[in-house]
Amino acid sequence: MKLILMIICICLLLTACNSGDDLSDAYGNFEATEITISAEATGKLVQFNIEEGMTFKAGDIIGVIDTTQLYLKKEQLEASKKAISTKFSSVIAQINVLKEQKNNAEKDMKRIEAMFNSKAATQKQFDDIIGSISVINKQINQIETQNGSIINELKSLEAQILQIEDMIRKSVIINPVGGTVLNKYAELYEIAVAGKPLYKIADISTMYLKAYISGDQLGKIKIGQQVKISIDKDKKELKSFHGSISWISSSSEFTPKIIQTKDERVNMVYAIKVKVKNDGQLKIGMPGEVKF
């Protein structure tokens with residue numbers, strides 16, 4: 001009888017030891033980097049090919065916001081620019097004519113000056129030619145001032161056209177990151193408003209298990225360390241993954257409410273994140289365990 005009791009105790013002890021070895025070092029939930037994509041222009045969604053669960057690559061065109069009014073505004077600005085450019089060309093032609101007149105007047109001035117020095121021309125003739133050159137210079141300055149305002153007007157129109165073109169480009173909804181659509185916030189033919197969320201996307205090919213450890217466990221881990229991750233395969237079995245520690249909090253915090261034991265909830269803990277390659281079984285919010 002004593003022998004039987006001893007065998008039973010040894011078995012219970014071994015079972016307890018094995019159970020202790022199987023205990024995980026930390027617990028938490030899986031998360032991914034979620035990005036909310038918002039509209040950058042205002043207008044009707046004339047194309048919006050997206051559904052929750054669909055996977056997209058970075059650069060894929062998701063939809064188009066109506067650009068009719070923007071296109072018409074650009075056409076109006078282009079017409080104004082063309083008209084002002086014609087006026088600009090006319091002003092340049094006037095300046096060229098005046099400059100040619102000035103060149104001829106300066107040649108006449110040299111001849112009259114030579115004649116005046118040899119007493120073959122009067123003082124009035126010399127003064128008149130100098131006066132003519134002065135008048136031409138004033139006319140050139142006046143037209144160049146007018147030309148400056150035309151140039152500024154052209155620059156303003158060009159800036160407005162560039163702004164419209166930028167708004168037209170932003171009316172094409174281009175997916176910025178590869179991932180899976182988690183939520184859809186708009187429907188086809190609805191009015192999109194700049195800044196209004198359209199959908200949420202996340203790259204779930206790589207997941208992060210955010211877990212919490214006690215202060216005395218800090219010395220056992222480091223960034224880049226390989227660890228074992230486990231999730232519930234069914235009621236009795238666990239499925240294991242390999243992961244690496246990607247982040248360790250630099251400050252402590254109270255144990256979150258997801259830790260059920262009262263004694264553990266009053267302790268200060270440190271948050272960590274473990275990077276895990278997802279084979280499709282890991283979901284956002286799913287609980288997981290870490291063993292160092």
Side-chain angles (χ1 to χ4, degrees), residues 37-48 57-177 191-196 198:
I37 310 302
S38 300
E40 294 185 86
T42 299
K44 182 186 291 186
L45 282 166
V46 294
Q47 181 181 333
F48 196 52
K57 298 177 182 178
D60 285 349
I61 296 177
I62 303 299
V64 177
I65 297 172
D66 184 27
T67 60
T68 303
Q69 295 302 316
L70 292 173
Y71 175 78
L72 293 175
K73 180 65 175 177
K74 182 184 176 183
E75 288 291 300
Q76 181 184 5
L77 292 171
E78 291 283 7
S80 299
K81 179 183 175 183
K82 186 175 181 180
I84 294 174
S85 297
T86 302
K87 186 189 295 185
F88 177 76
S89 299
S90 175
V91 170
I92 293 297
Q94 292 180 45
I95 291 175
N96 290 334
V97 169
L98 289 171
K99 285 183 176 179
E100 185 63 27
Q101 292 177 3
K102 181 182 175 181
N103 288 334
N104 293 332
E106 287 176 343
K107 291 177 182 177
D108 290 341
M109 184 188 71
K110 290 180 180 179
R111 286 196 298 267
I112 292 173
E113 183 180 11
M115 293 171 63
F116 176 76
N117 292 332
S118 62
K119 308 297 182 178
T122 65
Q123 181 69 46
K124 184 178 183 303
Q125 288 176 310
F126 186 62
D127 293 340
D128 287 345
I129 193 63
I130 292 177
S132 297
I133 294 174
S134 177
V135 170
I136 293 173
N137 283 331
K138 289 178 180 179
Q139 290 176 332
I140 291 174
N141 290 335
Q142 182 181 3
I143 295 177
E144 285 180 341
T145 301
Q146 179 185 353
N147 193 41
S149 64
I150 293 175
I151 291 174
N152 290 334
E153 194 171 353
L154 277 174
K155 287 182 178 179
S156 175
L157 287 172
E158 287 172 354
Q160 292 179 62
I161 291 171
L162 290 174
Q163 185 180 25
I164 293 295
E165 289 176 344
D166 180 61
M167 293 174 68
I168 290 174
R169 282 193 297 270
K170 289 179 178 177
S171 296
V172 180
I173 305 165
I174 300 177
N175 186 55
V177 295
I191 300 298
V193 179
K196 177 184 176 182
L198 298 175

Any side-chain heavy atom of [X] sitting closer than 4.5 Å to one from [Y]?
X	Y	value
N96	E100	no
I173	L45	yes
K81	E78	yes

Roughly how far apart are [X] [atom1] and [Y] [atom2], rounded to 0.5 Å?
X	Y	atom1	atom2	value
E113	E106	CD	CD	12.0 Å
K74	L162	NZ	CG	9.0 Å
S134	I129	OG	CD1	11.5 Å
T68	I168	OG1	CD1	10.0 Å
K82	L154	NZ	CG	14.0 Å
L77	L157	CG	CG	6.0 Å

Indicate yes or no: does D127 engage K124 in a salt bridge with an N to O separation below 4.0 Å.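 Looking at D127 and K124, the cut-off is not met.
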
Please confirm whether the backbone N or O of [Y] pairs with a side-chain atom of [X], one donor and one acceptor, at under 3.5 Å?
X	Y	answer
T67	L70	no
S156	N152	no
T42	A194	yes

For I65 and A41, work out which heavy atoms get closest and say how close.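 Nearest pair, atom of I65 first, then A41: CD1-O, 3.6 Å.
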
What are the two closest non-hydrogen atoms of K102 and N137, and how far apart are they? NZ-OD1, 2.8 Å

Count the heavy atoms belonging to other residues, nucleotides or ligands that lie under 6.0 Å from [atom1] of [X], then report whether that count exceeds 12.
X	atom1	answer
K196	NZ	yes
Q163	CD	no
I61	CD1	no

